Participant: 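Pasting a structure here, questions to come.
All heavy atoms count here, side chains included; hydrogens, waters and symmetry mates do not. Note that the structure is predicted; figures quoted are calculated from it, not measured.
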Amino acid sequence: PEPVTRSRRGRRPGLAGRHHEREDESLVEDRSQYVPTIEEAQANNSLILIAEDDKINQKVILNQLAILGYAAEIANNGKEALAMWRKSEYALILTDIHMPEMDGYELTENIRQEEEGPHIPIIALTANALRGEMEHAHRAGMDQYLTKPVQINVLRDALTQYLPEPAQSRADFSNNV
């Protein structure tokens with residue numbers, strides 16, 4: 001089947017997701033953050049690929065990214081993510097570690113073996129905070145390790161290490177491209 005891709009293309013996020021992580025609401029100054037289209041995000045080198053098999057986690061992370069002003073596409077497992085990465089350009093990959101068909105470790109190892117251009121940041125986003133898991137993620141080639149549920153300020157801090165600052169409006173975005 002075709003990979004599921006979703007984005008709030010060129011729209012401002014609505015109320016969806018506001019009930020998640022209530023303690024984070026004060027940490028996001030402007031909930032009407034401009035969210036670029038997939039094409040705009042690619043042009044600005046800010047498109048994110050999410051490899052996540054759980055539908056609820058997909059919705060949560062998409063909502064968090066929209067609140068922060070980032071566009072993303074979803075792959076339902078590592079195998080889909082690898083195929084999508086081979087066909088398109090992504091600025092960053094957020095990956096669950098434990099998924100069917102191909103896990104995040106294998107996904108990362110494949111990308112590291114195949115990447116020829118600039119290093120693509122890969123961030124593990126997992127519910128497993130088991131001893132040794134972070135070291136295993138780094139050995140596989142992941143750049144960072146975050147545990148779910150991730151607080152939006154922690155996610156923002158991780159993303160801003162690797163991605164350009166999100167545009168505040170379409171006009172701001174156009175000036176950056």
Side-chain angles (χ1 to χ4, degrees), residues 1-8 13-28 31 33 35 41 46-85 88 90-113 115 119-163 166:
E2 286 293 310
V4 175
T5 58
R6 296 181 195 152
S7 173
R8 293 179 185 236
L15 297 174
R18 288 194 180 195
H19 62 282
H20 295 291
E21 300 187 26
R22 231 178 224 298
E23 67 276 8
D24 287 341
E25 289 185 20
S26 63
L27 299 173
V28 179
R31 287 206 170 263
Q33 176 73 45
V35 181
S46 64
L47 182 60
I48 298 171
L49 174 60
I50 303 166
E52 171 63 64
D53 61 315
D54 184 87
K55 300 297 182 196
I56 293 172
N57 288 338
Q58 289 175 357
K59 289 178 183 179
V60 170
I61 193 67
L62 279 173
N63 281 333
Q64 288 180 317
L65 292 172
I67 288 167
L68 295 172
Y70 293 102
E73 293 184 313
I74 294 279
N76 293 304
N77 57 55
K79 189 174 180 180
E80 281 183 15
L82 185 60
M84 290 172 70
W85 174 78
S88 191
Y90 296 95
L92 183 139
I93 296 173
L94 288 171
T95 183
D96 189 10
I97 289 181
H98 302 286
M99 297 178 287
E101 296 191 48
M102 179 185 290
D103 65 23
Y105 297 126
E106 189 177 350
L107 168 65
T108 301
E109 289 166 353
N110 276 285
I111 289 172
R112 294 296 180 236
Q113 289 173 3
E115 73 183 341
H119 174 86
I120 184 166
I122 301 176
I123 299 174
L125 189 58
T126 184
N128 293 325
L130 301 174
R131 181 174 300 203
E133 190 104 68
M134 184 184 307
E135 292 79 16
H136 188 183
H138 286 130
R139 279 194 312 274
M142 294 178 188
D143 297 283
Q144 209 162 341
Y145 180 92
L146 303 176
T147 55
K148 295 183 253 184
V150 66
Q151 301 295 315
I152 200 163
N153 60 326
V154 173
L155 180 60
R156 179 182 51 229
D157 291 346
L159 296 176
T160 56
Q161 289 181 40
Y162 305 105
L163 299 176

Participant: If you take all heavy atoms of G78 and L107, which pair is closest and at what distance?
Facilitator: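 Shortest heavy-atom contact: O-CD1, 3.6 Å.
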
Participant: Hey, do the aromatic rings of H138 and Y145 have their centres closer than 6.0 Å?
Facilitator: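 They do not qualify: ring centres at least 6.0 Å apart.
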
Participant: Could you give all pairs that pass the salt bridge (Lys or Arg N to Asp or Glu O under 4.0 Å) test and reach residues 138-150, with sequence neighbours left out?
Facilitator: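 Residue pairs with at least one partner in residues 138-150: E52-K148, D96-K148, R112-D143.
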
Participant: Over all heavy atoms of both residues, which pair between L62 and A72 is shortest? Give the atoms and the distance, please.
Facilitator: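 That would be CD2-CB, 3.9 Å.
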
Participant: Which atom names give the shortest non-hydrogen contact between I152 and I67, and what distance separates them?
Facilitator: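 Smallest interatomic distance, heavy atoms only, reads CD1-CG2, 3.7 Å.
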
Participant: Looking only at heavy atoms, which two atoms of A140 and E109 are closest? And how far apart?
Facilitator: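 Heavy atoms of A140 and E109 come nearest at O-CG, 3.7 Å.
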
Participant: Please tell me if the side chains of Q64 and I61 come closer than 4.5 Å, counting only heavy atoms from C-beta onward.
Facilitator: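 Q64 vs I61: side chains touch.
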
Participant: How about N57 and L125: do any of their side-chain heavy atoms sit closer than 4.5 Å?
Facilitator: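 Sidechains of L125 and N57: no contact.
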
Participant: Would you call W85 and I120 a side-chain contact if the rule is heavy atoms closer than 4.5 Å?
Facilitator: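 Contact flag for W85/I120 side chains = yes.
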
Participant: Between CE of M134 and CG of L146, what distance do you get to the nearest 0.5 Å?
Facilitator: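 Going from CE on M134 over to CG on L146, the span is 9.0 Å.
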
Participant: List the steps, then state whether side chain to side chain contact (heavy atoms under 4.5 Å, CB included) holds for E73 with L47.
Facilitator: CA-CA 8 Å; E73 293 184 313; L47 182 60; 4.0 Å; yes

Participant: For the atom pair CD (E133) and OG1 (T126), what is the distance rounded to the nearest 0.5 Å?
Facilitator: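 Rounded to the nearest 0.5 Å, the CD-OG1 separation comes to 5.5 Å.
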
Participant: What's the spacing between N77 CG and M102 CE if we round to 0.5 Å?
Facilitator: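 N77 atom CG to M102 atom CE measures 8.0 Å (nearest 0.5 Å).
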
Participant: Looking only at non-hydrogen atoms, find the nearest pair between P121 and A91 and report the distance.
Facilitator: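 Minimum heavy-atom contact is CD-O, 3.2 Å.
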
Participant: Would you mind reporting whether L92 and Y70 have side-chain heavy atoms less than 4.5 Å apart?
Facilitator: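 No. Closest side-chain heavy atoms not under 4.5 Å.
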
Participant: Answer yes or no: is there a donor N or O on one side and an acceptor on the other, between the side chain of E80 and the main chain of N76, under 3.5 Å?
Facilitator: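 Yes, because the side chain of E80 sits within donor-acceptor range (under 3.5 Å) of the backbone of N76.
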
Participant: Are the side chain of T160 and the backbone of R156 linked by a donor-acceptor contact shorter than 3.5 Å?
Facilitator: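 Looks like yes, one N/O pair under 3.5 Å.
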
Participant: In the structure I gave you, are the side-chain heavy atoms of I48 and L163 within less than 4.5 Å of one another anywhere?
Facilitator: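 I48 vs L163: side chains touch.
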
Participant: Is the shortest side-chain heavy-atom distance between H98 and D53 below 4.5 Å?
Facilitator: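 H98 does not reach D53 side chain to side chain.
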
Participant: Nearest 0.5 Å please: distance from the CD1 atom of I123 over to the CD atom of Q144.
Facilitator: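 Result: 5.0 Å between the selected atoms.
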
Participant: Roughly how far, to the nearest 0.5 Å, is the OH atom of Y162 from the CD1 atom of I93?
Facilitator: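 Here the rounded value is 12.5 Å.
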
Participant: I'd like to check V35 versus L65 (side-chain heavy atoms, cut-off strictly below 4.5 Å). Are they in contact?
Facilitator: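 Side-chain contact under 4.5 Å: no.
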
Participant: Specify the closest pair of heavy atoms between G141 and T108, including all atoms of both residues, with the distance to one decimal.
Facilitator: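 Smallest heavy-atom distance, with atoms named: C-CG2, 3.5 Å.
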
Participant: Do E106 and L82 come close enough that some side-chain heavy atom pair is under 4.5 Å?
Facilitator: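 A side-chain contact under 4.5 Å is absent here.
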
